[in-house]
Each structure stands twice: as C-alpha cells, then as structure tokens.
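A quick write-up on the structure given underneath.
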2 protein chains.
Amino acid sequence: MLKVTVNLDINKNLYIKNPEETELGRRIVQHSILLIDEVGLESFTFKKLADQIGSTEASIYRYFENKQLLFVYLVNWYWEWMKFRVGFFTMNIPTPEARLKTAIQVMVDTSQRSTSVEYVDPEALHRIMVTEGTKAYHKKNIDEENKEGFFLSYKALCRKIADIILDIDPQFPYPRSLASTLLETANNNIYFAQHLPRLTDIRYEKGYLEKVMEMLFAFAMGCIHGAGKELKAD
Amino acid sequence: MLKVTVNLDINKNLYIKNPEETELGRRIVQHSILLIDEVGLESFTFKKLADQIGSTEASIYRYFENKQLLFVYLVNWYWEWMKFRVGFFTMNIPTPEARLKTAIQVMVDTSQRSTSVEYVDPEALHRIMVTEGTKAYHKKNIDEENKEGFFLSYKALCRKIADIILDIDPQFPYPRSLASTLLETANNNIYFAQHLPRLTDIRYEKGYLEKVMEMLFAFAMGCIHGAGKELKAD
DNA sequence: AGTGTTATAATAGTATAACTCTCGAAAAAT
DNA sequence: ATTTTTCGAGAGTTATACTATTATAACACT
C-alpha cells in the first residue's frame, strides 16, 4: 500500500503559532477534534482541552487566538483534506460522470478510501463537520474573516467539484451552486438520517451512506441534464 | 386588502411563560429579533436585550430558559409563518408545478406577498434565518430537543413541500430530501451571494432573488424528472 | 561551556456572560 | 378590598474567555 504524506497548507492567519510544528501544537489539534466530537462545540472550552492534554489554557492561547478560530482551522483542515481526496481519487478516471460519482463517494464516505493522517482522526473530524461545520462560516463577522482568506479552501473545493460538473456539461449555468449544494446536502442528509429522519428519505441503517451517494448523484445528474432542457424549453 | 390575523402556535416547551400573552413578552420577541439581526447570535445577550427594552435580565428569564431556547422559539416562529404562507399562497393553484414554483417564491422572497404580523419584523427574522438558522438544529443535544418536539414545525413545513413534489411525481423517491434541500439551498444561496460569492452562481445585484428562485425551480424539476429516468435506466 | 532564545507549565487576575434569588411595588384578577 | 400575578431592582454565584507574569527546561549558537 502506498503511503502518502499529505501536505495540507492552511491559512497562516488562522493560528498564532503553527500547531503542525510542535508536539504540543499537534496534541492541541488532535485532542480538540476528539473533545469537540465528544462534547460539542458549545461546551468545548480551552480549559477542558488543556486539562485533557495536561497543559494549560495560556499555552493553547499561544497557538490559537480563540475557540472560534481554532474551529475554523479544523474546518479548513477538513476542506483541504477533502480537496486532496477528491483530486487524488478522481485523477485517472476518464469520464466526467464517473469522476462526479467518485467525488460524491469521497465526500460522503470518509472511512472508505481512507487517507490516514498521523495525528488527526478523520472520522471524528467528519462527524464534527456534519453536525457543526456550517457554524464556521455562518456568523455576523463573515465578511472580515472572508477578507482574511479563511474560506479559500472551501471555495477551492467547491470549484474542484464545479469543474467536474462543467466537464459533464460546459453549458450548465449553475456549476458552483450545484457543487456547494452537493457538499451541504451530503452532510445534511447524513445528519438528518441520524437525528431528524423526517427531513430526509434516507433511513439510518446499514449501508445508508451508499443511499446518500446514490441520491446525490441522481440529484446532480437530474440538475445538470434537466437545467439544460428547461432553458431550451423557455 | 384582506387583513389576516395569523395564529401561529409554537411548542409550549420552548418558553416558560407564553410571550404572546403579555406586552413585555411581545417586546422580548420583537426586540430579540432586531437585536440578533443587528449584532448576531453570538454577541446577543439577555443583558443587552434587557437594556434595549428597558427591562432586566431576570424578567426575560421568566419567559425563556436561555438564549438558545429563545432562538429556537424564533426559528419556530419563522417555520410556522413560512408554513402558513406556503399553504396560503399555493391554495388555489391548480397544477402542482405552479404550486412548487409559488412555494419556492414564498420561501425565497419574504418581502413580496407580505403577510405582516404585528410585533414581528419578518424581514429581519428572515435575515436571521439566512445567516444563523441552522444553528437551531445543529447541536450536540439535538436528540433531546427533538424528543421535546422543538422541530415539528420544520418537519411539517418540509412535508408540505414534499407533498407538492409528490403531486408532480408520486413515484419520486426523494420528496423529503428534495424539500429540505430546497429550503436549505434557498437560504444558502442568498447567504453565499451576499458573503461568499464563489460558492454560488447567483450574483448579488438587483433582482437576485428572482435568479435564486429560477435556479431552485430548475434544480427541483431536474431532480424530479431526472431521478425517474435514472432509475429506469438502471 | 556559556549565553541567548524559545517553549511551556504554573499561577494569578480581570471582564463578562449566564444564570439564580430575594424583595418590594404596581397592576390585574377575584 | 384583598389576593395573586407581574415585573423592576439589586445582589450574588459560577463559568468562560481571556491577559499577564514568572520560573524552568530544552535547544541553538558560538
């Protein structure tokens, strides 16, 4: 098996001191994921994290300005990882339809086709993204943070999906919206299946992720082919 | 012009004392919307709200257990209002396609077809929903809150849309998922157009809401007609 | 080996948020 | 007229989100 060392680079404005570079930094990232996964973002505090890793609040503040920015850092990590995975697994697929199908697989099922990373638990991070991911970019001061480039990774990921969509139909008028919709809808339906089942048709049972992929692919192809027709019909 | 008094009923577990029934209660609801719209959910506190309405923290706590539940109350208000509007404006439309189109219009454009309500500013509430709405149901303790019925209004709204979709194609396999996707995607694209334009194809300019509706309708019809074909093609 | 630099643990301290409790006055209901 | 409800005023508690200071160990440089 080929062991790949992924070099994810993350916006430097998100941290005070690069956590990748020190043992403590990596422990902060690693355990923040585990702790948020366990107690949720609201109950997560630097104090609890410090206790968990046998360090102090003050030490964590040397790496991250505050809990929100640490969270945005983690979310960026996820986006970068996802972008890498989409690129990697669609690389040698000839038809754009099959590339889109694979991209959706990679988006939905983070356990399969695992690209493991030393100190980050991608499954836990994926769970966090499903339940709390949107909080990273739904806030009042979004414009300032956007100016600092905190969401470039999401935009790049979205663009990567949009490009596959355009390979299927270069005339499709909504590649970016469809891409972001697929990304959001993937997480939403996983979440709804588990917690608010009446908001989805996916039942939370063995193999439900397969069903999510199937549905998303059907939606995507429907939108792509349907939209063309609608326009011509007008 | 016909003046309709809407009677929105909201889950009793969401409040300690029904805010509709007193002057102070209505002022709390009214100004919490305005204040959250102004400063965002994170910076919103009961203290600030109390100052704004010339009351005290303690008095607000007599109506709502905490800020999160007040927020879920407001979100429920929105869902109930939206459900009423969808029902009201699609009522006498004969074809299901036109009903879906109208439902999408009602979802996206809250200013047009205004159904005004005394003490609630629906435009401000809609802005809150667009930027922070999902926080109401993306949290760690979702299952407990769901058991208390805090999301019944959203489910009912989703079902209403799903029923229209089923009227178009009774065999469509994903009516609920498509309905929730439309609801979420509507808000997302409005938000993205304003703040993260690379995640959408909608440009934030005069008449952009029209474009959002057009796109959503195209997506919806694509999914509905496409999905059938996909299944038959297998 | 000696000096400077960096990393971090330990501790203390401040401001604010998120509540809870009690009391008294006014308003409303009986 | 009197009981109950409503609310404002104020105090008090705990937790969170930080900031600042110091001491010490590790490490890098010369």
Side-chain angles (χ1 to χ4, degrees), chain A residues 12-32 35-36 38-74 119 132 135-136 139-141 144-145 150, chain B residues 12-32 34-36 38-74 119 132 135-136 139-141 144-145:
Chain A
K12 283 167 173 45
N13 297 320
L14 281 168
Y15 49 76
I16 295 167
K17 188 178 148 78
N18 193 342
E20 285 177 65
E21 287 171 1
T22 67
E23 179 58 30
L24 180 64
R26 288 187 292 268
R27 283 172 61 76
I28 289 171
V29 171
Q30 178 182 25
H31 284 89
S32 63
L35 191 54
I36 293 173
E38 189 191 334
V39 304
L41 184 60
E42 324 299 320
S43 311
F44 168 84
T45 67
F46 278 9
K47 185 71 179 51
K48 288 178 191 167
L49 177 58
D51 289 348
Q52 190 130 1
I53 62 180
S55 179
T56 63
E57 264 185 290
S59 295
I60 296 169
Y61 275 107
R62 262 186 229 103
Y63 285 86
F64 295 101
E65 210 175 310
N66 55 49
K67 142 176 156 174
Q68 279 74 24
L69 289 185
L70 166 55
F71 183 62
V72 178
Y73 176 91
L74 297 179
Y119 58 94
E132 337 231 28
K135 292 173 191 171
K139 44 176 91 165
K140 201 67 191 179
N141 65 334
E144 296 157 42
E145 294 196 351
F150 291 177
Chain B
K12 284 169 173 46
N13 297 319
L14 281 169
Y15 49 78
I16 295 166
K17 185 176 152 73
N18 193 342
E20 285 177 66
E21 288 170 0
T22 68
E23 180 57 30
L24 180 65
R26 288 186 292 268
R27 285 172 59 76
I28 289 171
V29 171
Q30 179 182 23
H31 285 88
S32 63
L34 300 177
L35 192 52
I36 294 172
E38 190 191 334
V39 304
L41 185 59
E42 325 297 322
S43 312
F44 168 83
T45 68
F46 277 9
K47 184 70 179 48
K48 288 178 190 167
L49 177 58
D51 290 347
Q52 189 130 5
I53 62 181
S55 179
T56 63
E57 266 185 287
S59 295
I60 296 168
Y61 276 106
R62 277 190 207 99
Y63 286 84
F64 294 101
E65 213 173 308
N66 54 50
K67 141 177 158 175
Q68 279 73 26
L69 289 184
L70 165 55
F71 183 63
V72 178
Y73 176 92
L74 297 179
Y119 58 93
E132 336 232 26
K135 292 173 190 169
K139 44 176 94 166
K140 202 65 192 179
N141 65 335
E144 296 157 40
E145 294 195 353

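Residue numbers start from 1 in every chain, and the chains themselves are labelled A, B, ... in the order their sequence lines are given, proteins ahead of strands.
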For B/Asn141 and B/Gln68: C-alpha separation, side-chain torsions, deciding distance, then whether side chain to side chain contact (heavy atoms under 4.5 Å, CB included) applies.
CA-CA 12 Å; B/Asn141 65 335; B/Gln68 279 73 26; over 6 Å; no
Does B/Tyr15 reach the side chain of B/Ile28, with side-chain heavy atoms less than 4.5 Å apart?
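Heavy-atom side-chain distance check fails, nothing below 4.5 Å.
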Any heavy-atom pair between the side chains of A/Glu57 and A/Ile60 that's under 4.5 Å?
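They are not in contact (no side-chain heavy atoms under 4.5 Å apart), so the answer is no.
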Could you give the CG-to-C1' distance, from A/Asn18 to C/dT6, as a whole number of Å?
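Taking CG of A/Asn18 and C1' of C/dT6, I get 16 Å after rounding.
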Using a 4.0 Å cut-off to any heavy atom of chain B, which nucleotides of DNA chain D are the first and last in contact, reading 5' to 3'?
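For DNA chain D, the relevant span reads D/dT6 to D/dG10.
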Run B/Tyr73 and B/Ser32 through side-chain hydrogen bond (donor to acceptor under 3.5 Å, both in side chains) and show every step you take.
CA-CA 11 Å; B/Tyr73 176 92; B/Ser32 63; over 6 Å; no
Can you run down the salt bridge (charged side-chain N to carboxylate O under 4.0 Å, His left out) pairs that involve residues 15-25 of chain B, sequence neighbours left out, and say none if there aren't any?
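Counting only pairs at least two positions apart or across chains, the salt bridge (charged side-chain N to carboxylate O under 4.0 Å, His left out) contacts touching residues 15-25 of chain B are B/Glu23-B/Arg26.
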Please list, chain by chain and in numerical order, all residues satisfying ring pair (Phe, Tyr, Trp, His ring centres under 6.0 Å) with A/Tyr119, sequence neighbours excluded.
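So A/Tyr119 forms no ring pair (Phe, Tyr, Trp, His ring centres under 6.0 Å) with any residue.
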Return yes if some donor-acceptor pair links the side-chain N/O of A/Lys67 with the main-chain N/O of A/Leu41 below 3.5 Å, else return no.
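Between the backbone of A/Leu41 and the side chain of A/Lys67 there is a qualifying donor-acceptor contact (under 3.5 Å).
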At under 4.0 Å between heavy atoms, what does B/Tyr63 touch on the DNA or RNA strands: base, sugar-phosphate, or nothing?
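Answer is sugar-phosphate: B/Tyr63 comes under 4.0 Å of backbone atoms only.
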How does each nucleotide of nucleotides 24-30 of chain C score, in 5' to 3' order, for protein heavy atoms under 4.0 Å: base (B), sugar-phosphate only (S), or none (-)?
-------
Could you write nucleotides 10-19 of chain C as a row of B, S and -, 5' to 3', where a protein heavy atom under 4.0 Å of any base atom gives B, of only sugar-phosphate atoms gives S, and otherwise -?
BB-----SBB
Holding to side-chain hydrogen bond (donor to acceptor under 3.5 Å, both in side chains), I want the full list of residues that pass it with A/Lys135, two or more places apart in sequence or in another chain.
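Once residues adjacent in sequence are excluded, the partners of A/Lys135 under the side-chain hydrogen bond (donor to acceptor under 3.5 Å, both in side chains) criterion are A/Glu42, A/Glu132.
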Looking at every heavy atom in both A/Ser59 and A/Leu24, which two are closest together, and how far apart are they?
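Closest approach of A/Ser59 to A/Leu24: CB-CD2, 4.0 Å.
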Quick one, A/Arg62 with A/Ile16, criterion side chain to side chain contact (heavy atoms under 4.5 Å, CB included). Give me CA distance, side-chain angles, the key distance, then yes/no.
CA-CA 6 Å; A/Arg62 262 186 229 103; A/Ile16 295 167; 5.9 Å; no
